[in-house]
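Scroll down for the structure; my scribbles are underneath it.
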Amino acid sequence: MKAFRSFPLSVRLLLVNQMGVNTGFYLLVPYLAGYLGGGLGLSATVVGVVLGARNLSQQGLFLIGGTASDRFGARTVIIAGCALRAAGFGLFAIDGSLPVLLGASVLSGLAGALFNPAVRSYLATEAGDRRAEVFSLFNVFANTGALLGPLLGGALLLVDFRVAAVAAALIFAGLTVAQALTLPPRTVPPAEGSVLGDWRECLANRRFIAFTLALSGMFALQNQLYLILPMRAADVTGSAASVAGLFLVSTVATLLLQVRVTRWLQDRLSRSTVIALGMAVMGVAFLAPLLPGLIPVLLAAFGLALGVMIAQPFVLELIPAFGREGVTGTYFGMFYLASGLVAAAGNVAVGWAGDTAGWLAWPFCAALGLGSAIAVRRVGVPERTARP
């Protein structure tokens, strides 16, 4: 891929790294609940506690990871995060006792909280004025890993879950070594203020907070690929196997179209228009399942993927533009923390709408996407990557 080769080695490594991260993650995590409940015979409550510990430690500590990236350098935090993920996944293969399982979950969640904002901060800095392009490629590599992981995990599970856990741990161990050997160290300027001061600065940036809240709808709608869309697919076909078609449509569309879509849009429309357009496409896509049959559900999955393709690279491009030099990681961490929490509340609301009346969830999601589009236009986002 010509665009991939045009970036420096450090950027190319982090793009491949993201494919490896998602491969290792999806190799193990989708099958974890089945192993805990079926293989180990744990109750549903205990399974929920173990899985919740991972989610809470990751979502709740994104800000810590972003700040650590600013203070100690993104390279250090990326390497530490991948090493912790290797240790966490390795623990799943060692012992099935509850304390070890909880430790494994917390370590693997903390790892994600460290390297997720750090990777994005590193890429934003290295890519310069090509941020939208690099985050477009980032999405392609991430989706490739999300496709390969479950396939590899399913094959390894035919042997044993612990074999899959060891394989996932080895992938992250290999990524750790590759990063330590290849990612060039960068001098980290002395921090201008305290950690709490950086957090207050983020929270006091009203335009950034408004942007974050407006885009939380993006995360809430993306999560429906794992919630109401699979439920609808299984309902209209009577088979859970149809769910695989949703992920196939979403992944293949992203692999084929992401770079082309970003390249075509980046010089034609303003950033606020592009992001609003993506959110609107995501929202409108959820009206399709109001029609009967599987095809409308697959169209919704495609429309959701297309909306993400349109909006997400430019969202990630603009986050550093809201703050000063030296707090890029903090802004990424705050963005993912706040939008993740709001998106979680959105999931509850979508579930409530579905429970109240099955059809109501679809116009509710459409309204969420269109509302986010309007909010983005009203926020007044930076139109380029230059810092204020």
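Leu368 contributes atom CG, which lies 7.0 Å from atom OG of Ser216 (distance to the nearest 0.5 angstrom). In this structure, CZ on Arg162 lies 12.0 Å from CZ on Phe92, to the nearest 0.5 angstrom. Taking CG of Leu152 as the reference point, atom CG of Leu27 lies at 4.5 Å (rounded to 0.5 Å). Atom OG of residue Ser10 and atom CG of residue Leu123 lie 8.5 Å apart, to the nearest 0.5 angstrom. The CG atom of Leu13 sits 6.0 Å away from the CD atom of Gln179 when rounded to the nearest 0.5 Å. With rounding to the nearest 0.5 Å, the separation of CG in Leu213 from CZ in Phe208 is 9.5 Å.
Looking only at distances, no side-chain donor or acceptor of Arg207 sits under 3.5 Å from a matching main-chain atom of Val379. Judged by distance alone, the side chain of Arg12 and the main-chain N or O of Phe7 form a donor-acceptor pair under 3.5 Å. A donor-acceptor distance shorter than 3.5 angstrom exists from the side chain of Thr125 to the backbone of Ser121, with no hydrogens or angles considered. Remark: side-chain polar atoms of Arg75 are paired, donor with acceptor, to backbone N or O of Leu183 under 3.5 angstrom. When atom types are taken as modelled, the side chain of Ser136 and the backbone of Ala132 share no donor-acceptor pair closer than 3.5 angstrom.
Arg120 forms no cation-pi arrangement with Phe135, by the criterion of a distance under 6.0 Å to the ring centre and an angle within 45° of the ring axis.
Taking all atoms of both residues into account, the shortest heavy-atom contact from Ala146 to Asn22 is N-CB, 3.7 Å. Heavy atoms only, all atoms of each residue included: Ala373 and Ala280 are closest at CB-N, 4.0 Å. Heavy-atom minimum distance, Leu299 versus Ala288: CB-CB, 4.5 Å. Taking all atoms of both residues into account, the shortest heavy-atom contact from Ala124 to Arg131 is O-NE, 2.9 Å. The two residues Gly20 and Ile171 make their nearest non-hydrogen contact at O-CG2, 3.5 Å. Nearest heavy-atom pair across Ala118 and Ile78 is CB-CG1, 3.6 Å.
With sequence neighbours left out, the side-chain hydrogen bond (donor to acceptor under 3.5 Å, both in side chains) criterion links Asn139 to Asn143, Gln258. Qualifying side-chain contact (heavy atoms from CB on, under 4.5 Å) partners for Val166, counting only residues two or more places apart in sequence or in other chains: Ala93, Leu170. Under the side-chain contact (heavy atoms from CB on, under 4.5 Å) criterion, Leu287 pairs with Leu290, Ala366, not counting sequence neighbours. Applying the ring pair (Phe, Tyr, Trp, His ring centres under 6.0 Å) rule to Phe335 yields the partners Phe219; only residues at least two apart in sequence or on another chain are considered. Tyr331 meets the side-chain hydrogen bond (donor to acceptor under 3.5 Å, both in side chains) test with Asn205; sequence neighbours excluded. Checked against ring pair (Phe, Tyr, Trp, His ring centres under 6.0 Å), Phe89 has the following partners two or more places apart in sequence or in another chain: Phe172. Residues satisfying the side-chain contact (heavy atoms from CB on, under 4.5 Å) criterion with Ile64, sequence neighbours excluded, are Leu61, Trp199. Partners of Phe364 according to the ring pair (Phe, Tyr, Trp, His ring centres under 6.0 Å) rule, which considers only residues two or more places apart in sequence or in another chain, do not exist here. Checked against side-chain hydrogen bond (donor to acceptor under 3.5 Å, both in side chains), Gln312 has no partners two or more places apart in sequence or in another chain.
Contact of the Leu265 side chain with the Thr262 side chain is not registered, since no non-hydrogen atoms from C-beta on lie closer than 4.5 Å. Residues Pro292 and Val236 form no side-chain contact, since every pair of their non-hydrogen atoms from C-beta on lies 4.5 Å or further apart. Between Thr273 and Arg377 the shortest side-chain heavy-atom distance falls below 4.5 Å. Side-chain contact between Val134 and Leu14: absent, with no pair of heavy atoms (C-beta onward) separated by less than 4.5 Å. Side chains of Met218 and Ser372 form no contact here, defined as non-hydrogen atoms less than 4.5 Å apart. Taking the side chain as every heavy atom from C-beta outward, Ser69 and Pro117 never approach each other to under 4.5 Å. Counting only heavy atoms from C-beta outward, the side chains of Gln222 and Met282 approach each other to under 4.5 Å. The closest side-chain heavy-atom distance from Arg271 to Glu317 is below 4.5 Å.
Note on residues 101-130: no pairs pass ring-ring contact (aromatic ring centres under 6.0 Å, His included), not counting sequence neighbours. Residue pairs satisfying the ring-ring contact (aromatic ring centres under 6.0 Å, His included) criterion with at least one member in residues 289-317, sequence neighbours excluded, are absent.
Applying the 4.5 Å side-chain rule to ILVMFWY residues, one finds Leu370 in the same cluster as Val284.
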